[in-house]
Amino acid sequence: ASMVNLESDMLSTPDFFWEREDKWEPIFRQAGQYLEIKTRVSVLDARIGVLDGMLHMLKDQLEVLHSNRLELIIIWLLISQVAIFVFWKILIRDVLGLLHPPGS
């Protein structure tokens, strides 16, 4: 079954013809053949399939970009944590001798 036909069956006979006389249904079927409805539906299904593939590819690419951005944020947080530790431990406490308890 095609994607278009999964949403609504465009190739079936509408209820209008079930409720009316039989003289209109042959005209409806001939108009469908003349307008090549089956061919057009299959072409539409193929195009929708291509668009679906492109949208999946775009979604995957956006997910990768988002995960890369999150990884960079985590890396910068770790770098800042190390920098703060180094600043606090080495510069403030050891080099400048600040924040030492009296008599130590």
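Here the structure is a predicted model, which means the values were calculated and not measured.
- Evaluation of the side-chain contact (heavy atoms from CB on, under 4.5 Å) rule for Leu55 yields no partner, not counting sequence neighbours.
- Grouping the Ile, Leu, Val, Met, Phe, Trp and Tyr side chains by contacts below 4.5 angstrom, directly or via other members, places Val41 with Tyr34.
- With sequence neighbours left out, the side-chain hydrogen bond (donor to acceptor under 3.5 Å, both in side chains) criterion links His56 to Asp52.
- Of the inter-residue distances, the one linking Leu51 atom CG with Leu58 atom CG reads 11.5 Å to the nearest 0.5 angstrom.
- Exactly one residue among Asn68, Asp60, Leu62 makes a side-chain contact (heavy atoms from CB on, under 4.5 Å) with Val64. That residue is Asn68.
- Grouped by direct or indirect side-chain proximity (heavy atoms under 4.5 Å, Ile/Leu/Val/Met/Phe/Trp/Tyr only), Ile79 sits with Ile75, Trp76.
- Taking a 4.5 Å side-chain heavy-atom cut-off between Ile, Leu, Val, Met, Phe, Trp and Tyr, the cluster of Ile74 extends to Leu78.
- Taken to the nearest 0.5 Å, the CG atom of Leu35 stands 11.5 Å off from the CD atom of Gln30.
- Residue pairs satisfying the salt bridge (Lys or Arg N to Asp or Glu O under 4.0 Å) criterion with at least one member in residues 61-85, sequence neighbours excluded, are listed as follows: Lys59-Glu63.
- Residues satisfying the side-chain contact (heavy atoms from CB on, under 4.5 Å) criterion with Val82, sequence neighbours excluded, are Val86.
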